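Numbers here are sequence positions counted from 1. None of the values given here were measured: they were computed from a predicted structure. For the numbers below, each heavy atom of this structure counts, side chains included, while hydrogens, waters and symmetry mates do not.
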Amino acid sequence: MVLITFGIIAIIVLNVMSNVSPNLNKLGRIGYMIGFALIVLGIISSCFVQITAGSVGVQSLFGKIQGKVLTEGLNVVNPIMTVIKFDVKTRNYTMSAIHDEGDQLGDDAIRVLSADGLEVVIDLTVLYRVTSDKAPTILRTIGEDYTQVVVRPIVRTKIRDLAANYDAVALYSNKREEFQQRLFTAVEKEFTKRGFSLEQVLIRNLNLPQSVKAAIESKINAEQESQKMRFILDKERQEADRKRVEAQGISDYQRILTSTLTDKLLQYEKIKAQKELAGSSNAKIIVIDGKNAPMIMTGN
């Protein structure tokens with residue numbers, strides 16, 4: 001359209017100049033040729049529209065949105081058609097209490113009331129994208145500022161509605177994953193109706209009143225100490241069982257040994273011991289007073 005505009009301006013300006021001065025008639029004819037060439041080039045260039053990767057084109061003719069979507073690459077269109085490019089890549093919208101971290105300046109965290117009446121502060125990030133074939137409908141019914149019109153209010157409303165079903169302690173501890181999944185399902189349903197595809201809902205941070213947080217941390221510490229004590233007791237029981245088994249083994253050994261000892265076996269073991277003592281290099285005089293075989297042996 002820019003070349004067409006320049007072409008028309010060139011024709012008008014040079015035509016006026018040629019009418020003012022007959023000496024400029026030749027310049028006027030050249031101006032007609034240049035202007036016509038610019039108009040032709042403008043029309044030809046307007047017939048081709050390049051759509052970059054991750055985008056789609058929505059066509060508008062005199063304000064009326066067309067249903068056909070232009071995909072990435074080079075597209076041939078009506079030269080008088082206006083093409084509005086829509087980003088269909090994954091986008092994130094963050095609401096955070098930290099300054100400049102979210103899409104809104106300042107503290108933009110979501111403050112909700114739990115089932116037990118406590119205020120819970122939640123930082124949240126939503127990952128979503130525009131569904132390509134729904135881009136014309138989004139432009140017609142919502143407009144290009146869909147983050148403020150649809151994304152933000154839907155997410156904040158759903159998270160407040162769902163949080164009212166949970167106690168603050170449950171949100172902070174064992175129900176956090178369940179809450180996040182239910183929030184994803186609720187937001188996804190609303191997004192799909194309006195032409196958006198929800199990819200993920202991320203609860204980045206969840207803050208409770210300081211008094212409640214301290215009570216929860218104290219409870220967690222108590223549970224950890226209880227688990228530690230149970231571990232110690234289990235270990236002591238295992239050691240007691242080990243000693244009991246060991247004592248039983250010794251008792252069994254002594255009982256078996258006692259039942260197998262005889263006088264002849266004891267006499268045999270006694271003679272073996274006497275021979276070992278007699279052959280010892282450290283033995284000098286060994287006196288053995290045996291009832292069955294008393295003797296005196298002299299060593300080296």
Euclidean distance, Ile122 CD1 relative to Leu206 CG, rounded to 0.5 Å: 5.0 Å
side-chain hydrogen bond (donor to acceptor under 3.5 Å, both in side chains) partners for Glu188, two or more places apart: none
Atom of Ala168, atom of Leu118 and distance for their closest heavy-atom approach: CB-CD1, 3.8 Å
Between Arg182 and Tyr166, a side-chain donor and acceptor under 3.5 Å: yes
Donor-acceptor pair, side chain of Asp107 and main chain of Ala109, under 3.5 angstrom: yes
Side-chain heavy-atom pair Arg204, Leu124 within 4.5 angstrom cut-off: no
Gap between atom CZ of Phe191 and atom OG of Ser197 - 0.5 Å precision: 10.0 Å
Reported OG-to-NZ distance for the pair Ser55 and Lys89, which is rounded to 0.5 angstrom: 4.5 Å
Side chain to side chain, Met95 and Asp123, heavy atoms closer than 4.5 Å: no
Close side-chain approach of Val88 to Arg129, heavy-atom, < 4.5 Å: no
Backbone of Lys64 reached by a side-chain donor or acceptor of Gln66 within 3.5 Å: yes
Taking every non-hydrogen atom, the tightest pair across Gln180 and Ile203: OE1-N, 3.1 Å
Note, Arg194 side chain near Lys134 side chain (heavy atom, < 4.5 Å): no
Check: Glu178 and Lys175 side chains under 4.5 Å, non-hydrogen atoms: yes
OG-CG distance between Ser132 and Leu70, expressed to the nearest 0.5 angstrom: 12.0 Å
Lys/Arg-Asp/Glu bridge criterion (N-O < 4.0 Å) met for Glu190, Lys193: yes
Going by atom type alone, with no hydrogens or angles, which donor-acceptor pairs under 3.5 Å involve a side-chain atom of residues 145-155 and a protein atom two or more places apart or on another chain?
| residue | atom | partner | partner atom | Å |
| --- | --- | --- | --- | --- |
| Tyr146 | OH | Arg91 | NH1 | 2.8 |
| Gln148 | OE1 | Gln104 | NE2 | 3.3 |
| Gln148 | NE2 | Tyr93 | OH | 3.3 |
| Arg152 | NH1 | Tyr93 | OH | 3.2 |
| Arg152 | NH1 | Asp108 | OD1 | 3.2 |
| Arg152 | NH1 | Asp108 | OD2 | 2.8 |
| Arg152 | NH2 | Asp108 | OD1 | 2.8 |

Lys68 side chain to Val58 backbone, donor-acceptor under 3.5 Å: no
Within one Ile-Leu-Val-Met-Phe-Trp-Tyr cluster: Phe86 and Leu127, side-chain cutoff 4.5 Å: no
Gap between atom CZ of Phe179 and atom CD1 of Ile159 - 0.5 Å precision: 4.5 Å
Heavy-atom check, side chain of Asp234 versus side chain of Arg237, under 4.5 Å: yes
Minimum side-chain heavy-atom gap Ile138-Val130 below 4.5 Å: yes
Lys/Arg-Asp/Glu bridge criterion (N-O < 4.0 Å) met for Lys235, Glu239: no
Counterpart residues, side-chain hydrogen bond (donor to acceptor under 3.5 Å, both in side chains), relative to Thr90 (two or more places apart): Glu199
Distance (rounded to the nearest 0.5 Å) between Glu119 CD and Arg111 CZ: 6.0 Å
Nearest atoms (heavy-atom pairs only) where Leu162 meets Ala186: CD1-CB, 4.3 Å
Joint cluster assignment, Leu202 & Leu171, ILVMFWY side-chain distance < 4.5 Å: no
same_hphob_cluster(Ile142, Leu139) at 4.5 Å side-chain heavy-atom cutoff: yes
Any residue meeting side-chain hydrogen bond (donor to acceptor under 3.5 Å, both in side chains) with Asp241, in chain and number order, not counting sequence neighbours: Arg244
Minimal non-hydrogen separation, Gly67 against Pro136, with atom names: O-CG, 3.7 Å
Those residues that, when tested against Lys228, pass salt bridge (Lys or Arg N to Asp or Glu O under 4.0 Å) (two or more places apart): none
Heavy-atom closest contact (Thr52 atom, Glu72 atom, distance): O-CB, 3.7 Å
N-O pairing of Asp161 and Lys158 below 4.0 Å: no
Considering all heavy atoms, the nearest Asp167-Ser114 contact: C-CB, 4.0 Å
Which residues share a side-chain hydrogen bond (donor to acceptor under 3.5 Å, both in side chains) with Thr131, sequence neighbours left out: none
In one Ile/Leu/Val/Met/Phe/Trp/Tyr side-chain cluster, 4.5 Å: Val112, Val121: no
